[in-house]
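Worksheet: one structure, shown below.
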Amino acid sequence: MSSTSTSVASTPARSERLRITEIFHSIQGEADAIGWRTVFVRLTGCPLRCVWCDTEYSFYGGNWRSIDDIVAEVASHGAKHVCVTGGEPLAQKRCLILLTRLCDAGHDVSLETSGALDVSLVDPRVRKVMDLKAPDSGEAKRNLWSNIDHLLPHDQVKIVIASRADYEWARETVAEHRLAERCMVLFSPVHGAIQPRQLAEWIIDDKLDVRFQLQLHKLLWNDEPGH
């Protein structure tokens, strides 16, 4: 009786599926794992429409893949680091299952999320790289501020900055919510909208405890899909 119950209970887990835009093996271009060989799992779909988005091709389409197949393909690349991204991966609720499965398989897992969806149920072993949307993104109203309470010391908050006004908003937000005391804070310039040197000098002038970052993958592959 018990063996039958176990078999029935395990069947739904094996058949859980996600809509996937792409899975690829590359170099992590940002956050604290920058430079590491990484497998990227890009989920399809996003409820946001940020002005500067560079992955609009992930909004639609994709292919349904079982979580078992996804985990197996990730393993085939032999990389410790895995990044689950989008789109907005948390828009698919079964993403939470995938994150746990990847952690259970021994991977160092990061999640790139917009900050607009609840992160409270994300496996605590996962490093959340959570955006806060500045005004020039066009989606600042979507920031779910309660997410800040669920940040762990190994997580990161990323603010993408397109203008001086964005920078001032980011500076005030970091201070108001004492973000640098919770986790690493990343400031990143919008490619083509603001000079990286300018943002770096603002950070230095204001003596901010934040980490300046450029997106390494843009320098290497110029937004080519699959990299």
Side-chain angles (χ1 to χ4, degrees), residues 6-48 50 53-131 147 150 152 154-156 158 215-217 220-221 223-227:
T6 301
S7 175
V8 171
S10 63
T11 299
R14 288 198 302 268
S15 64
E16 295 283 14
R17 300 190 305 162
L18 290 163
R19 189 179 288 275
I20 301 295
T21 292
E22 57 186 348
I23 299 175
F24 61 96
H25 181 211
S26 188
I27 297 294
Q28 176 58 266
E30 55 189 324
D32 69 340
I34 189 169
W36 284 112
R37 191 167 58 86
T38 301
V39 179
F40 293 83
V41 181
R42 189 179 305 282
L43 276 64
T44 304
C46 184
L48 281 73
C50 298
C53 181
D54 57 6
T55 53
E56 294 179 354
Y57 65 91
S58 69
F59 290 171
Y60 309 103
N63 296 296
W64 287 104
R65 300 279 302 273
S66 75
I67 290 178
D68 281 350
D69 287 346
I70 297 166
V71 173
E73 181 168 343
V74 168
S76 73
H77 294 288
K80 179 176 178 60
H81 293 268
V82 180
C83 178
V84 177
T85 185
E88 168 50 72
L90 292 180
Q92 297 189 54
K93 296 186 183 302
R94 296 186 190 97
C95 177
L96 297 171
I97 300 172
L98 174 63
L99 293 169
T100 294
R101 289 281 305 277
L102 291 170
C103 288
D104 289 347
H107 295 291
D108 183 342
V109 182
S110 62
L111 168 72
E112 295 185 345
T113 181
S114 65
L117 277 69
D118 179 27
V119 301
S120 65
L121 298 179
V122 172
D123 192 304
R125 295 173 292 179
V126 172
R127 288 177 296 109
K128 299 184 288 291
V129 182
M130 188 185 84
D131 282 10
N147 275 337
H150 302 293
L152 301 173
H154 67 192
D155 294 332
Q156 294 129 75
K158 180 177 70 173
Q215 294 176 302
L216 181 61
H217 52 282
L220 293 174
W221 291 292
D223 279 339
E224 181 182 335
H227 289 290

Under 3.5 Å donor-acceptor, N147 side chain and S120 backbone: no
Worked verdict on C103 versus V126 for side-chain contact (heavy atoms from CB on, under 4.5 Å): CA-CA 7 Å; C103 288; V126 172; 3.6 Å; yes
Main-chain N/O of T55 paired to S58 side chain as donor or acceptor, under 3.5 Å: yes
Main-chain N/O of S114 paired to E88 side chain as donor or acceptor, under 3.5 Å: yes
Approximate separation, where rounding is to 0.5 Å, of L18 CG and S66 OG: 9.5 Å
Value rounded to 0.5 Å, distance of CD in Q92 from SG in C46: 11.5 Å
Side chain T44, main chain T21, donor-acceptor under 3.5 Å: yes
From CA spacing to verdict: side-chain contact (heavy atoms from CB on, under 4.5 Å), H107, V74: CA-CA 9 Å; H107 295 291; V74 168; 3.7 Å; yes
Side-chain heavy atoms of K128 within contact of L152, under 4.5 Å: yes
Distance, nearest 0.5 Å, that separates CD1 of I20 from CD of E73: 9.5 Å
Separation of L96 CG from L90 CG (nearest 0.5 Å): 6.0 Å
Side chain to side chain donor-acceptor pair (under 3.5 Å) involving T85 - partner list, sequence neighbours excluded: E112
Lys/Arg N to Asp/Glu carboxylate O, D69 vs R17, below 4.0 Å: no
Rounded distance (nearest 0.5 Å) linking atom CZ of F24 with atom CZ of R42: 5.0 Å
Verdict with reasoning, D131 to K158, per salt bridge (Lys or Arg N to Asp or Glu O under 4.0 Å): CA-CA 5 Å; D131 282 10; K158 180 177 70 173; 3.7 Å; yes
Heavy-atom closest contact (V41 atom, I70 atom, distance): CG1-CG2, 4.0 Å
side-chain contact (heavy atoms from CB on, under 4.5 Å) assessment of S26 paired with T38: CA-CA 6 Å; S26 188; T38 301; over 6 Å; no
Which atom of K80 lies closest to which atom of G106, heavy atoms considered: NZ-O, 3.7 Å
For the student: nearest non-hydrogen atoms of P89 and L111, plus distance: CG-CD1, 3.5 Å
Residues D68 and R101 bridged, charged N to O under 4.0 Å: yes
side-chain contact (heavy atoms from CB on, under 4.5 Å) evaluation trace for L98 with E16: CA-CA 9 Å; L98 174 63; E16 295 283 14; over 6 Å; no
Minimum heavy-atom distance G115-M130, with the two atoms named: CA-CG, 3.6 Å
Note: R127-D155 ion pair, threshold 4.0 Å (strictly below): no
Donor-acceptor under 3.5 Å (R19 side chain, W64 main chain): no
Check: H154 side chain, P124 main-chain N or O, donor-acceptor pair, under 3.5 Å: yes
Side-chain heavy atoms of E22 within contact of Y57, under 4.5 Å: yes
Separation between NE2 of H81 and CD1 of I34, rounded to the nearest 0.5 Å: 12.5 Å
Where A116 and L48 come nearest, the two heavy atoms and their spacing: CB-CD1, 3.7 Å
Crowding at CG, N63 (>12 non-hydrogen neighbours, <6.0 Å): no
Heavy-atom pair with the smallest gap, counting every atom of C95 and V84: SG-CG1, 4.0 Å
